[in-house]
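Input: a single structure, listed below in structure tokens.
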4 protein chains.
Amino acid sequence: MISQSIGKLNLIFRAAAELFAENGIDATPTAQIAARAGVANGTLFHYFMTKDDLIRALYSVSKKDILGAVLADLDEKQPFFVILHGMREALINWTLANPNTARFLMQYETSPAFLRESLSDQLTAVLEALIRLGIGNGELAQLSAEMHRNFILAHLNDIMKQIILNPKLSDDYLEASFLLIRRALRQDKKR
Amino acid sequence: MISQSIGKLNLIFRAAAELFAENGIDATPTAQIAARAGVANGTLFHYFMTKDDLIRALYSVSKKDILGAVLADLDEKQPFFVILHGMREALINWTLANPNTARFLMQYETSPAFLRESLSDQLTAVLEALIRLGIGNGELAQLSAEMHRNFILAHLNDIMKQIILNPKLSDDYLEASFLLIRRALRQDKKR
Amino acid sequence: MISQSIGKLNLIFRAAAELFAENGIDATPTAQIAARAGVANGTLFHYFMTKDDLIRALYSVSKKDILGAVLADLDEKQPFFVILHGMREALINWTLANPNTARFLMQYETSPAFLRESLSDQLTAVLEALIRLGIGNGELAQLSAEMHRNFILAHLNDIMKQIILNPKLSDDYLEASFLLIRRALRQDKKR
Amino acid sequence: MISQSIGKLNLIFRAAAELFAENGIDATPTAQIAARAGVANGTLFHYFMTKDDLIRALYSVSKKDILGAVLADLDEKQPFFVILHGMREALINWTLANPNTARFLMQYETSPAFLRESLSDQLTAVLEALIRLGIGNGELAQLSAEMHRNFILAHLNDIMKQIILNPKLSDDYLEASFLLIRRALRQDKKR
DNA sequence: CATGAATGAGCATTCATTCAT
DNA sequence: GATGAATGAATGCTCATTCAT
């Protein structure tokens, strides 16, 4: 057994994401997760005290992963829509590479348990900072940063959902839809 | 027994919507639904053969209700954005009046069970028809009806979610956000 | 509605016998019996206070019916084996005509509830009387009436089971098997 | 834990046989079986996926046991009726030693679920082979092996039932009843 | 008599969690 | 750490029985 060990913990995470995506979080027994991960039933509870712990840990790890991907290589010197386009592209690629995790995230963030927390994440903060810059330098319309942010987040969320339902979404469609965002948010050329 | 009978079936529907919204669909035992509805446990299964049947029936009824509200009083003679604005207003009012049902709908439509069906509803059809008219008479940009439709549905979905999280969302905010949609989709004045 | 009424009670009896034979006594819900009988659920409990009452009543009626058939036209003047052959023939015909009731009887008489009673019926009595006559006049072997009786009852029971499993049992087989009984029980010709 | 462990599985089998014999298969809740076996409710379902699985497994095990007992020490060199007598004795002893299992077997083999299968077991096969030998060497009457077999099986079944109802059945009775079988089946001395 | 909606105790089964090995 | 047998509280569902109409 030289080193094929991905680590049981990661095997569990992977199995959980798969099964949560396929059958739903509540509909997935821990025994099934352990089985697909190839570990014993009890092993899962060595890593996570409760099933809920596993869910929250998976959420935390996944969120960090997706944010890392979206916020990487972010060059604040670029124009706003160039940055946004890059972020969106990163999001799309991550979703294509991690469809199960994406589906798990969408599912979890709609659950009553999660909505009660309704935490604002790092993306919100970065986005708002960029938006303020964009409004300041005349790229974006004179609207509240909140409005811009919500609009953008709604779009990103929607794109993610569409990718999940149809991974072969054409580049043409994606580019055209980005144009709509741009038209909505940019400062009017004249006056 | 003067006449306070809303009917046990509706009591069950109401109780289910409440509890599903509060605690989640899977986290709600049928016994709890029956208790809150004020009926015996077995009565629930007199109306619905399984818990899943109840869920689907509630979804079906709720969907019909929300669509009825949104598509009522629809005057096709009006300009596109006037119609759209009216539909959005109806949606907002319905959501404010039926917050539990709204939360149930959002939850159910994210579930793997539902995504497998991924049915397109009456709203999709009506919207596409209106969009074609709008494109035809120059109100809307020369983009695919599909693109317009997805953009609008994403917005409506987002507004609904925001209303649920914050029912006191200001009219100013709502009007401004509608403007963004309009800017994105309208035909550019000048060529 | 001139007179097609077989009477709800008999409809219930018939439906119960059918379903008990098909699926087992315990596996048959009263609701199903009522449904097949074409009466309302509650109606069944107008005729029988409990399901158990229905079962016992059906047993009582069925037992009377089968005994009536087997003991009819019994001519005590005839030789023992002629009488026995006639009784067996009546039993076979009754079983062929009432397969469901026959299956119900066999099922019920094996149930722990019934075995606790272990009542001896009219057939036992009649048989023992005939046996004593047969022993007396030299037709039957000099064995206890109990032994003869058990032997005969075991055979009748077995024939009934075989008819149920295979209604087309040939006459040749039946006649040959009767010969075996006769050989077993008759008085040896020579001393 | 010195060694009194009979194994939970066997504890469950034993408890099930007892309760099935006492109260009937359908009338026995799994919770009661688990309780009498001294294990937790869930443990039963660790060994058997469903109650029906438990029933079938108990039947399979019991049938193997009784057949093992009846077919052991079978010396084909002996005359037919000596062999048959030995088999019957083994059956009687097994029934006396395992009354609960015996009652369970009789109950189960009368159930509609079982009758649908109506499998012929190893005993049938062995018996038929012996019968053919017996017919061949002139011990048995010139009748079909099927007829002999059914006659014998009916008798064995009846003896088992009598033992269950009255374990103190006298040896005299048993021997006399065996004589009847012999008279029925043996080849007539004189041509 | 007849109905069938309503009841609730009872049951099979599930599953997160524990723990001795 | 790792295992998986064992646990028992929780849950969906069944069904004999009741009763108002």
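Labels below follow one simple rule: chain letters A, B, ... track the order of the sequence lines, proteins then strands, and each chain is numbered from 1.
Rounded to whole angstrom, the span from the CZ atom of B:Phe45 across to the P atom of F:dC13 amounts to 5 Å. Regarding B:Ile25, its CD1 atom lies at a distance of 16 Å from the P atom of F:dT11, rounded to whole Å. Distance B:Gln32 CD to F:dC13 P: 16 Å, rounded to the nearest Å. Atoms CE (D:Met49) and P (E:dT13) sit 9 Å apart, rounded to a whole Å. As a whole-Å value, the separation of D:Leu11 CG from F:dT7 C1' is 16 Å. Following rounding to the nearest Å, A:Leu9 (CG) and F:dG1 (C1') show an atom-to-atom distance of 13 Å. Note: CG (A:Asp52) to P (E:dC15) measures 16 Å, nearest angstrom. In this structure, CG of C:Leu19 is placed 16 Å from C1' of F:dA16, rounded to the nearest angstrom.
Not less than 6.0 angstrom separates the ring centroid of D:Phe13 from the ring centroid of D:Tyr47. When ring centroids are compared, B:Tyr59 and B:Phe20 stay outside the 6.0 Å threshold.
Mapped onto DNA chain F by nearest heavy atom, C:Lys51 and B:Asp26 fall at different nucleotides, with B:Asp26 at the one closer to the 5' end.
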Where each pair must be Watson-Crick or G-U wobble with both distances under 3.5 Å, what dot-bracket representation of DNA chain E is obtained, with crossing pairs in [ ] and other-strand partners as |?
.||||||||||||||||||||

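By the neighbour-count criterion of 12 heavy atoms within 6.0 Å, atom CZ of B:Arg14 is sparsely surrounded, having that number or fewer from other residues, nucleotides or ligands.
Of the possible polar contacts, one joining the A:Gln107 side chain to the A:Ile25 backbone as a donor-acceptor pair under 3.5 Å is found. The backbone N or O of A:Leu58 sits less than 3.5 Å from a side-chain atom of A:Ser62, completing a donor-acceptor pair. Looking at C:Asp65, its side chain never comes within 3.5 Å of a backbone N or O of C:Val61 through a donor-acceptor pair.
F:dT21 sits 23 Å from E:dC1 when the P atoms are compared, rounded to a whole Å.
A salt bridge links D:Arg36 with D:Glu22: the closest approach of a Lys/Arg side-chain nitrogen to an acidic carboxylate oxygen falls below 4.0 angstrom. By the 4.0 Å N-to-carboxylate-O rule, B:Arg103 lies too far from B:Glu18 to be salt-bridged with it.
For the OP1/OP2 pair of E:dA16 and a distance below 4.0 Å, the side-chain nitrogens and oxygens of A:Thr30 include at least one atom meeting the criterion.
Residues that satisfy the salt bridge (Lys or Arg N to Asp or Glu O under 4.0 Å) test with C:Lys161, not counting sequence neighbours, are absent from this structure.
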Interface polar pairs with nucleotides 4-8 of chain E, N/O, under 3.5 angstrom:
from	atom 1	to	atom 2	distance (Å)
E:dG4	N7	C:Gly42	N	2.9
E:dA6	OP1	B:Tyr47	OH	3.3
E:dA6	OP2	B:Tyr47	OH	2.3
E:dT7	OP1	B:Lys8	NZ	3.4
E:dT7	OP2	B:Ala40	N	3.2
E:dT7	OP2	B:Thr43	OG1	2.2
E:dG8	N7	B:Gly42	N	3.1

